[in-house]
Number of protein chains: 2
Amino acid sequence: MGRSRAPGTAARILDIAERLVQSRGYNAFSYADVAHAVGIRKASLHYHFATKADLGQALVARYRQAFLESLRSIETRLAGSQERLQGYVALYGAVLRKKRMCMCGMLATDAATLPRPMRESVSGFFDENVAWLARVLEQGRKRHELLFPGAASERAAFFVSTLEGAMLVAHGSGNHEYFESASRQLLATVGPGRSKSRRYGARRPAR
Amino acid sequence: MGRSRAPGTAARILDIAERLVQSRGYNAFSYADVAHAVGIRKASLHYHFATKADLGQALVARYRQAFLESLRSIETRLAGSQERLQGYVALYGAVLRKKRMCMCGMLATDAATLPRPMRESVSGFFDENVAWLARVLEQGRKRHELLFPGAASERAAFFVSTLEGAMLVAHGSGNHEYFESASRQLLATVGPGRSKSRRYGARRPAR
DNA sequence: GTCTATAGGCAGATAGAC
DNA sequence: GTCTATCTGCCTATAGAC
């Protein structure tokens, strides 16, 4: 596979650059920033990633792959449809808690200035997420663990939109309550609920 | 008021810069870009806006004010709660159709690199939107034109999150269907609906 | 693989003439 | 108000020594 040994300089570069992209955006980080944080010189970065565009592509490709692995992990660890959706939402929450945005949400605003392969990877990320969610949603509905009208793929796109947006607003305003609140309401839209009232606002104290 | 005369150079600068920020982001536009589009030299821009931060602040202040005026216009033109919410959604749709993002959604991703006054204006924008929506939602519920559980302010934040996110994903992927679909489903969450099915997927052919 | 040195360009900003 | 000229600094990227 060609992936082994210690932390590996290339991987450390990707880790640092990932953090910078997710917190500042693609156009607001430089090779100088990365080099400083990694502890090598700017020029050495070019040995690992010839151009910034190459680094960017590697970044989003790795992110996409890691996210897919997280989705598989959710299906392995959690059997219930509600739990799987909660796990999905928690993925976003964990990113936000690190004071980061979803990398592809970040790159979505930078789309007009991105090299085409990166733009296509960003689209691919969203579509993959929708596809995974649509499967979970459809299966949940069949099993009567979830209840919602319309196509599962539409509801899946709704999930992605709401979570990306809640993260965006929470990140931009510094008010994470935007995210917590939106997550709860979002999950309530597919709950096999008593239809009205209840369901979110749950929030039992962790004991 | 100090505002009169023809198009005014300052206003033209703001128009150009606004378009650039909404399509490329704060860190991806330069005084050179603006100067070229306006038809004057870079140095002349500094006469109107001493620094890029000054220009940025003016940009978001004006955007915020214009948006508030649009909200007031909706209340003047439309009496029904459903119609007002549809009008609100249409505001976002119109921006997206111009291949732009909401300015404050754009700036939300750039937050970490923004001068503090700009960041605070971005927060203020979101909060203003939530406040306006909460009023419309609460009034609609009282009048039985809308039906939804929980606090109106929570549902208002949910609206903002979903619309910003749908716009973000649609912009980043070039697939506007993300936005159309999310809008329909969002409005359906407050419809005094027959509870299940129906309501979105409406889309009667324009005749 | 990492370094020093440097190229070439663009960024935001200023001085001063007109 | 707008111009030319210029400054300083950072950007991405390359050459070539170690």
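Proteins get letters first, then strands, A, B, ... in listed order; numbering begins at 1 in each. Computed from a prediction, not measured in an experiment: that's the story for all the values here.
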query = At under 4.0 Å, does any side-chain N or O of B:Thr9 touch on OP1 or OP2 of D:dG1?
reply = no
query = Taking the inter-plane angle between the rings of B:Tyr92 and B:Phe67 on a 0 to 90° scale, is it parallel (under 30°), tilted (30 to 60°) or perpendicular (over 60°)?
reply = perpendicular
inquiry  = From CG of A:Asn27 over to P of C:dC10, roughly how many Å is that when rounded to an integer?
reply    = 16 Å
query = Is there a donor-acceptor pair under 3.5 Å between the side chain of B:Thr109 and the backbone N or O of B:Met106?
reply = yes
query = Hey, which of A:Val136, A:Leu163, A:Leu187 is the one that makes side-chain contact (heavy atoms from CB on, under 4.5 Å) with A:Tyr88?
reply = A:Leu163
message = Whole angstroms only, please: what is the CG-C1' distance between A:Leu45 and C:dC3?
response = 12 Å
ask   = Of the nucleotides C:dT14, D:dT2, C:dA5, which one has an atom closest to the side chain of B:Ala43?
value = C:dT14
task = Would you mind reading off the distance between B:His46 atom NE2 and D:dC7 atom C1', rounded to a whole angstrom?
result = 12 Å
task = Please work out if B:Phe49 contacts a base, only the sugar-phosphate, or nothing of the nucleic acid, heavy-atom cut-off 4.0 Å.
result = nothing
message = Between C1' on C:dT14 and NZ on B:Lys52, what's the gap in Å once rounded to a whole number?
response = 18 Å
ask   = Hey, is CD on A:Gln65 packed in by over 12 heavy atoms from elsewhere, all under 6.0 Å?
value = no
ask   = Looking at A:Ser30, does any N or O in its side chain come under 4.0 Å of the phosphate oxygens OP1/OP2 on D:dC11?
value = yes
query = In whole angstroms, how far is the P atom of D:dC18 from the CD1 atom of A:Ile40?
reply = 21 Å
query = Which part of the nucleic acid, if any, lies within reach of A:Ser44 when heavy atoms closer than 4.0 Å are counted: base, sugar-phosphate only, or nothing?
reply = base
task = Find the distance B:Lys42:NZ to C:dA15:C1' and express it as a whole number of Å.
result = 15 Å
ask   = Reckon B:Tyr31 touches a base, only the sugar-phosphate, or nothing at all at heavy-atom distances under 4.0 Å?
value = sugar-phosphate
ask   = Over how many whole Å does the gap from B:Arg41 atom CZ to C:dG12 atom P extend?
value = 16 Å
query = Rounded to whole angstroms, how far apart are OH on B:Tyr47 and C1' on C:dA17?
reply = 16 Å
Nearest heavy-atom neighbours spanning A:Leu45 and A:Tyr31 = CD1-O, 3.3 Å
